Amino acid sequence: MLRGSGFGSRETAMYALAGGRILPDDPRVRLWRDDLILIEQNRPVRGGVAAVRTVAGRGRLRFAAWEYTQYPQPAGSCLGLPLSVAADATGCVWMFGEFPTQQFGYFNPAANALCVVGIPHAPDPYFGWVDAGEPEARHTSALAETTLVDTRGRVWLAQGGWYLYCGPQQNRSRVISFDPRAAFDQRFRIFNLPGDNQQVVGLAWDEGRGRLWYTANRTVDAPARIGNFDPERVAFDNTFDFSTSLDDRLCAPGAPDDGACFREFPLPARVFGVGHLALDAGGGVWYAGYWGTGSEKEGCTELGRLDPDTGSIGRYPLSKPVGCSETARIVGPGPWEVRVLPDGDVVFNEFFDNQIVRLPAGRIGDPACMALEPETLVNPCLVELAVPETDSARQFTHSIEVDAEGRIWFSVADADPAASEPPWGGSLGYVAGDGRVVRLPSLRPFGAATPNGIAVDARGDVWFGNFFGRELGRLRRVR
């Protein structure tokens with residue numbers, strides 16, 4: 001991919017020099033326009049300096065080359081649709097998929113392949129899909145929004161109930177802990193969450209407190225909430241069938257905060273759905289309130305910070321949505337994943353508005369940031385960067401991750417993978433340190449139109465779950 005200006009067109013350009021002389025009518029040229037040339041190479045190419053010659057003259061520019069590798073699910077496995085991924089310090093990359101979630105996968109660098117791990121659960125029919133008409137189902141295996149590796153090397157998975165289901169069958173969520181270094185029969189600890197008709201989405205490990213934080217979406221009888229527990233003190237049961245209530249395991253108001261029960265903090269009633277979490281250096285818990293019921297004037301969705309010591313919440317309403325999808329008109333811009341940068345800035349992606357948004361550390365706590373400007377309905381403190389060349393009616397910025405050099409990586413997925421045309425189908429991209437937003441070419445020609453969760457390993461490789469492609473993908477810069 002060559003990006004710049006003055007490249008002319010197929011009619012006015014003479015050639016490009018990028019790993020060899022390439023003519024405009026070469027079949028490897030997928031696109032040639034004044035600001036962008038896409039060249040498909042079937043041989044190894046390294047980044048370097050390119051030159052483009054047109055009837056108007058010749059110019060030089062630098063270009064990068066990327067190698068894409070696909071890791072398909074093993075034959076006979078049932079890993080579902082890959083949604084969330086996480087990389088650990090050993091070179092393994094963990095992947096969790098939706099529909100169903102009775103297994104998870106991981107890339108084994110020794111085998112250079114995707115491997116499968118089965119998840120313990122109650123015997124059928126108590127473990128199933130409530131929307132499949134199973135009258136005795138007590139836990140729904142449906143959603144897999146978070147894969148997390150904590151500072152101790154444990155892998156955490158959010159096994160969420162069926163979202164928005166409120167029927168007669170039970171609809172529960174579990175949080176799964178898997179320690180790959182433990183003895184075989186001690187690797188799993190599965191924490192069954194209290195409550196019915198709820199969906200766990202985000203997870204965050206709090207090393208300072210020794211707690212696991214989670215988000216749970218609003219139900220008919222409970223608000224959206226953020227909770228935590230101490231995995232060394234709360235009881236776990238790998239095959240619990242939810243035949244009895246677990247509500248007595250919620251911390252009672254005023255009870256000691258010793259981690260032996262599930263302590264939950266209800267969010268304001270305006271927050272209907274809550275997405276992912278991130279912790280800051282001061283122990284605050286940031287959350288993405290992606291679906292709200294507030295008015296447009298007060299901001300229907302928000303970025304929020306919970307102070308666990310006081311229970312107080314700082315709210316930063318989001319600017320009026322700009323997305324044109326039907327969902328955006330209903331729920332707003334859709335803040336989804338959150339990261340806290342080393343300098344204290346908070347960044348998040350807007351799922352439906354296709355933006356990467358930053359709240360500078362110096363504006364945190366500023367009253368001016370906790371309300372929208374009345375005339376423009378814009379939050380004056382948020383720095384919004386649009387993901388380029390997105391069709392917001394059918395493309396969505398799903399996930400973000402920060403690499404060791406401070407780049408903020410993002411994934412853009414197609415709701416209709418077959419509809420997109422090059423160059424801007426589903427793809428990855430990043431926000432550079434100078435604020436430039438770089439979007440890489442479409443991955444659709446490789447069957448990867450729906451990149452979802454992303455992770456960056458210690459080598460700098462970018463991994464992602466190829467949702468409808470049912471595989472794990474890796475993007476490596478060729479240097």
Side-chain angles (χ1 to χ4, degrees), residues 1 3 30-31 33 36 38-41 64-73 79-85 93 95-99 105 107 114 144-145 147 275-276 323-328 333-334 336-337 348-356 385-401 403 407-431 437-456 461-477:
M1 177 178 70
R3 298 199 70 173
R30 294 175 46 225
L31 180 75
R33 70 187 194 197
L36 179 68
L38 286 180
I39 306 168
E40 184 176 345
Q41 294 282 15
W66 300 84
E67 175 188 71
Y68 174 52
T69 306
Q70 299 159 294
Y71 296 95
Q73 298 184 19
L79 292 173
L81 304 176
L83 184 67
S84 56
V85 296
V93 179
M95 180 188 80
F96 201 24
E98 292 186 336
F99 318 125
F107 170 75
L114 195 60
E145 296 290 351
T147 303
H276 291 264
C324 60
S325 69
E326 184 64 30
T327 310
W336 189 237
E337 296 195 358
F348 59 94
N349 65 299
E350 291 183 333
F351 192 97
F352 300 113
D353 272 6
N354 290 308
Q355 295 190 128
I356 308 301
L385 298 175
V387 176
E389 306 285 353
T390 49
D391 178 354
S392 60
R394 72 168 191 261
Q395 293 181 331
F396 311 107
T397 303
H398 190 280
S399 296
I400 58 173
E401 188 54 277
D403 69 17
R407 286 182 289 255
I408 304 167
W409 285 87
F410 57 83
S411 61
V412 178
D414 275 324
D416 182 2
S420 295
E421 294 296 332
W424 305 118
S427 66
L428 304 182
Y430 60 87
V431 180
V437 184
V438 178
R439 186 168 175 191
L440 302 183
S442 171
L443 291 164
R444 187 172 68 92
F446 307 99
T450 51
N452 279 195
I454 56 177
V456 183
D461 293 346
V462 184
W463 298 79
F464 64 92
N466 178 6
F467 193 74
F468 287 125
R470 295 178 177 266
E471 63 189 16
L472 182 66
R474 183 188 69 191
L475 202 63
R476 171 175 289 176
R477 184 164 182 172

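Model, not experiment: these values are computed from the prediction.
Side-chain contact between Phe352 and Asn354 is absent, with no heavy atoms from C-beta onward closer than 4.5 Å. Contact check for Leu475 versus Leu440: side-chain heavy atoms found under the 4.5 Å cut-off. Looking at Thr397 and Glu350, their side chains never come closer than 4.5 Å, going by heavy atoms from C-beta outward. Between Leu428 and Phe410, the closest side-chain pair of non-hydrogen atoms is not below 4.5 Å. Taking 4.5 Å as the limit, every side-chain heavy atom of Tyr71 sits out of range of all side-chain heavy atoms of Glu471. The shortest distance between side-chain heavy atoms of Arg477 and Glu67 does not fall below 4.5 Å. Contact of the Gln355 side chain with the Pro333 side chain is not registered, since no non-hydrogen atoms from C-beta on lie closer than 4.5 Å. Side-chain contact check for Leu83 versus Phe467: some heavy-atom pair is nearer than 4.5 Å.
With rounding to the nearest 0.5 angstrom, the OG1 atom of Thr147 is 7.0 Å from the CZ atom of Phe96. Between Ser84 atom OG and Ile454 atom CD1 the span is 12.0 Å, to the nearest 0.5 Å.
There is no side-chain donor-acceptor pair under 3.5 Å between Thr450 and Asp414. With no hydrogens or angles considered, no side-chain donor-acceptor pair links Thr69 and Arg476 at under 3.5 Å. Of the N and O atoms on the side chains of Thr390 and Gln395, not one donor lies less than 3.5 Å from an acceptor on the other residue.
Taking a cutoff of 4.0 Å between a charged side-chain nitrogen and a carboxylate oxygen, Glu389 and Arg33 qualify as a salt bridge.
Across all non-hydrogen atoms, the minimal contact from Glu337 to Ser399 is OE2-OG, 3.0 Å. The two residues Ala144 and Gly97 make their nearest non-hydrogen contact at CB-O, 3.4 Å. Between Asn349 and His398, the closest heavy-atom pair is ND2-O, 3.2 Å. The minimum heavy-atom distance between Ala413 and Asn452, with the atom names listed, is CB-ND2, 3.6 Å. A pairwise comparison of heavy atoms in Pro441 and Ser427 identifies O-CB, 3.4 Å as the closest pair. Closest non-hydrogen pair, Leu472 versus Leu114, comes out as CD2-CD1, 3.9 Å.
Proximity of a side-chain donor or acceptor of Arg439 to a complementary backbone N or O of Pro388 within less than 3.5 Å is detected.
A centroid separation of 6.0 Å or more is found between the aromatic rings of Trp336 and Phe396.
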Handout entry: Working for ring-ring contact (aromatic ring centres under 6.0 Å, His included), residues Phe464 and Tyr68
Key = CA-CA 11 Å; Phe464 64 92; Tyr68 174 52; 5.7 Å; yes

Exercise for the section: Step by step, work out the side chain to side chain contact (heavy atoms under 4.5 Å, CB included) result for Glu98 and Glu145. Expected result: CA-CA 8 Å; Glu98 292 186 336; Glu145 296 290 351; 3.4 Å; yes

Practice task
Verify side chain to side chain contact (heavy atoms under 4.5 Å, CB included) between Val456 and Trp409, making sure each step is shown before the conclusion.
Solution key: CA-CA 9 Å; Val456 183; Trp409 285 87; 4.0 Å; yes

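Aromatic ring pairs are classed by plane angle as parallel below 30°, tilted from 30° to 60° and perpendicular above 60°; the pair Trp66 and Tyr430 is tilted.
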